[in-house]
Protein chains: 2
Amino acid sequence: MSEEEIDFLEGLQNNTVEVQAGVDFVVEGDDRKTTFILIDGWASRYTTLSDGRRQILSFALPGDILGLHINFNAQAHYSATAMNTLKLAVVDPRRILEINQKFPILASGLSWCTAREFAILGDQAVRLGRLPAKARLAHLFLELWHRLELIRENNGKWLALPMKQSDLADTLGLSLVHTNRCIGDLRKSGLITVAKDHIKLEDLDALIRLSDFDPERLAEFSI
Amino acid sequence: MSEEEIDFLEGLQNNTVEVQAGVDFVVEGDDRKTTFILIDGWASRYTTLSDGRRQILSFALPGDILGLHINFNAQAHYSATAMNTLKLAVVDPRRILEINQKFPILASGLSWCTAREFAILGDQAVRLGRLPAKARLAHLFLELWHRLELIRENNGKWLALPMKQSDLADTLGLSLVHTNRCIGDLRKSGLITVAKDHIKLEDLDALIRLSDFDPERLAEFSI
DNA sequence: TACCGGATATAACATATGTTAATCGGAATT
DNA sequence: AATTCCGATTAACATATGTTATATCCGGTA
C-alpha cells in the first residue's frame with residue numbers, strides 16, 4: 001500500500017462513535033445510508049418477522065464492515081444491534097465508491113471483504129438448512145473461534161460469547177429451550193465447557209466431525 | 001449512461017457460451033476465476049456437505065451475475081449448475097475492477113447487484129431459520145415470481161419452475177418426502193395448481209399471509 | 001442480608017419433520 | 001405394445017424440535 005492509501009484508510013476511521021450494548025444502530029426500513037467499520041466489540045445483523053420473531057443473519061467482529069453495499073435507492077433491509085459496547089467508525093458510503101475509483105489496492109480489499117461476507121452468509125444458510133441442532137451450535141462456535149483467530153483476538157480454546165442463549169436460538173433457527181438442551185448435551189459429552197460469556201472448545205476435532213465444519217473455507221480469508 | 005459505457009457493457013457480453021441442463025459450470029474448490037452473466041436460463045448455486053447432501057443457496061435468473069466478487073487468493077466456495085439450457089456471458093473479473101475504476105455509473109449498478117444478492121441470500125436464511133415447511137415453499141415461490149416479474153419474464157399467475165422436487169427440498173432444507181407432502185397440501189387447499197415444470201399461484205394474498213413474504217423487499221430492486 | 005428480575009435449566013407433552021419402503025405415473029426406448 | 005427408468009406420491013413409523021410450565025441460579029440493588 002502507498003502512503004496515500006494508508007492515509008485514506010486512516011482518514012475513514014476519524015469519525016468514531018460509541019454504541020451501548022443492546023442499541024440498534026441500523027434499523028430495517030431506515031433511509032439513513034451509512035457504512036460502519038466495526039473497530040471494537042461485536043454486532044449482529046438481523047431481520048424481524050411480522051409476528052416479532054427474529055432471525056439473526058450474521059455476527060460482525062472487529063474489523064468487519066457493515067453496510068458496504070448501500071443501495072442508494074432503497075432502505076436498509078436488515079437491522080444491526082450492538083452485542084456489547086461498540087466502537088464504530090462512521091463512513092459516508094460515497095467514500096467507498098471513491099475507493100473503487102482511486103485506490104485499486106484498497107478496492108480489491110473491499111472486494112475481498114464482500115466475498116468473505118458472502119461465504120459467511122452462505123455457511124449460515126448451510127447450518128440452517130442442513131445441520132441438526134447440536135451440529136448448528138458446534139458449527140457456529142467453530143466459525144466464530146476461527147474468525148477470532150484470524151483477527152488475533154482468540155484466547156486458546158476459549159471463545160468469547162457475549163450473547164444470551166436466546167440470541168443463539170435466533171441465530172440458529174431454534175427455540176430457546178432446544179438451544180439450551182443442546183448446549184447441555186455438548187457440555188455433558190465433554191465437548192465444551194460453559195462459563196459466563198465464554199465457552200471453551202474442549203475437543204476441536206470432535207466438534208468439527210459433529211458439525212461438518214470446514215476450517216479451510218475461512219482460512220482462505222486469512223490475512 | 002454514456003455511449004462509451006453502453007459499448008463497454010455490450011463488450012462484456014461478446015464471449016458467450018451455452019451450457020446444458022445439469023452441467024456444473026462452477027465447482028467448489030475450483031481455482032478458475034471467472035465471472036458469468038446469465039443471459040438466458042436458470043442456474044442454482046449450492047454447496048455440498050461431506051456426506052453428499054446438498055444445500056442450494058440461491059437461484060440465478062436471466063440478468064443475474066455469478067461470481068461478481070471473486071477473491072483472487074481463494075477457491076470458489078460454492079458450485080453452480082444449470083437447471084435448464086443456459087446462455088452465459090463469460091467475463092474476466094478484472095474487467096469488473098475496471099468498471100469500478102472507469103465507469104462510476106456502471107459501478108453503482110454493480111453495487112446494486114451486490115446489495116440485491118445479499119438481500120436474496122438473507123431472505124433465504126430467514127426462510128430456512130424461521131419458517132415452517134409449507135411457508136418456506138410459498139415464500140420461495142413468491143420470491144421467484146416477483147423476480148421474474150422484475151425482468152418481465154412473468155406470465156400472469158404462472159411461475160416457471162424448471163426443477164425437480166428434490167431441488168426444492170435441497171433449497172428449503174427439507175426432505176424430499178416432506179417437500180412433496182407440503183406441495184400436496186398447498187394444492188389441496190387451492191393455493192397453487194401444479195403442472196409440468198410450472199405452478200400457478202392461485203391466491204397471492206393467501207400465500208403472502210402464509211409465508212410472511214414482504215413484496216416490498218424485492219420491489220426496492222426494481223429497475 | 002433479603003429481595004427482585006432476568007437468564008438458565010429441566011420436565012412433560014404436542015407437533016413437525018425425517019426415514020424407509022412401497023406404489024404409481026408418464027415419457028422415452030426397445 | 002412391452003419395458004425401463006425416473007420422478008412423484010402415499011403410508012407407517014421414528015425422531016427431532018417446539019411449546020408450555022415450573023424451578024433454579026445469579027447478579028444487582030434496596
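Just so it is clear: chains get the letters A, B, ... in the order the sequence lines come, proteins before strands, and each one is counted from 1.
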**Q** Looking at residues at least two apart in the chain, or sitting in another chain, which of them share a side-chain hydrogen bond (donor to acceptor under 3.5 Å, both in side chains) with Asp24(B)?
**A** Tyr46(B), Thr81(B)
**Q** What is the distance from CG of Asp185(A) to C1' of dT10(C), rounded to the nearest Å?
**A** 12 Å
**Q** My understanding is that only residues two or more places apart in sequence, or in another chain, count here; which of them pass side-chain hydrogen bond (donor to acceptor under 3.5 Å, both in side chains) with Asn71(B)?
**A** none
**Q** Base, sugar-phosphate or nothing for Leu174(A)? Non-hydrogen atoms, less than 4.0 Å.
**A** sugar-phosphate
**Q** What pair of heavy atoms forms the shortest contact from Ala135(B) to Ser211(B), and how long is it?
**A** O-CB, 3.4 Å
**Q** Output the residues of residues 193-200 of chain B in contact with DNA chain C, where contact means a heavy atom of the residue under 4.0 Å from an atom of the strand; sort by number or write none.
**A** none
**Q** I'd like to check the side-chain hydrogen bond (donor to acceptor under 3.5 Å, both in side chains) partners of Gln13(A); sequence neighbours left out, ordered by chain and number.
**A** none
**Q** What's the shortest heavy-atom distance between Thr85(B) and Gln20(B), and which atoms?
**A** OG1-OE1, 3.8 Å
**Q** For the pair made of CZ in Arg181(B) and P in dT20(C), what is the distance, rounded to whole Å?
**A** 14 Å
**Q** Just how far, in rounded Å, is C1' of dG25(C) from CG of Asn180(B)?
**A** 13 Å
**Q** Without placing hydrogens or testing angles, list every side-chain donor-acceptor pair under 3.5 Å for residues 196-209 of chain B, not counting sequence neighbours.
**A**
| from | atom 1 | to | atom 2 | distance (Å) |
| --- | --- | --- | --- | --- |
| Glu202(B) | OE2 | Thr193(B) | OG1 | 2.4 |
| Asp203(B) | OD1 | Asp205(B) | N | 3.3 |
| Asp203(B) | OD1 | Ala206(B) | N | 3.0 |

**Q** Does His146(A) have any ring-ring contact (aromatic ring centres under 6.0 Å, His included) partners at least two apart in sequence or in another chain, and if so, which?
**A** Phe213(A)
**Q** Taking the nucleotide of DNA chain C with the closest heavy atom to each, which residue, Ala133(B) or Leu176(A), is nearer the 5' end?
**A** Leu176(A)
**Q** Find the distance Lys164(B):NZ to dG25(C):C1' and express it as a whole number of Å.
**A** 17 Å
**Q** Kindly write out the residues that satisfy side-chain contact (heavy atoms from CB on, under 4.5 Å) with Asp31(A), not counting sequence neighbours, or none if the list is empty.
**A** Lys33(A), Gln75(A)
**Q** Using rotation axes that map the C1' atoms of four end pairs onto the next four (five pairs an end), what angle separates the end axes of the helix from dT1(C)-dA30(D) to dT30(C)-dA1(D), to 10°?
**A** 30°
**Q** Heavy atoms of chain B, cut-off under 4.0 Å: which first and last nucleotide of DNA chain D, 5' to 3', fall inside that, if you could look?
**A** dG7(D) to dA12(D)
**Q** Considering residues at least two apart in sequence or located in another chain, which fulfil the ring-ring contact (aromatic ring centres under 6.0 Å, His included) criterion with His77(B)?
**A** none
**Q** Show every donor-acceptor pair shorter than 3.5 Å between a side-chain atom in residues 53-66 of chain A and any protein atom, with sequence neighbours excluded, or say none if there are none.
**A**
| from | atom 1 | to | atom 2 | distance (Å) |
| --- | --- | --- | --- | --- |
| Arg53(A) | NE | Asp51(A) | OD1 | 3.4 |
| Arg53(A) | NE | Asp51(A) | OD2 | 2.9 |
| Arg53(A) | NH1 | Arg130(B) | O | 3.0 |
| Arg53(A) | NH2 | Arg130(B) | O | 3.3 |
| Arg54(A) | NE | Asp170(A) | OD2 | 2.9 |
| Arg54(A) | NH2 | Asp167(A) | OD1 | 2.8 |
| Arg54(A) | NH2 | Asp170(A) | OD2 | 2.9 |
| Gln55(A) | NE2 | Asp170(A) | O | 3.2 |
| Gln55(A) | NE2 | Thr171(A) | O | 2.9 |
| Ser58(A) | OG | Arg45(A) | NE | 3.0 |
| Asp64(A) | OD1 | Arg116(A) | NH1 | 3.1 |
| Asp64(A) | OD2 | Leu61(A) | N | 2.7 |
| Asp64(A) | OD2 | Arg147(A) | NH2 | 2.7 |

**Q** Between Gly173(A) and Ile183(B), name the one whose nearest nucleotide on DNA chain D is closer to the 5' end.
**A** Ile183(B)
**Q** Please classify the nucleic acid contact of Arg187(A) as base, sugar-phosphate, or nothing, using heavy-atom distances under 4.0 Å.
**A** sugar-phosphate
**Q** Just jot down the salt bridge (Lys or Arg N to Asp or Glu O under 4.0 Å) partners of Asp123(A), sequence neighbours excluded, or say none.
**A** Arg217(A)
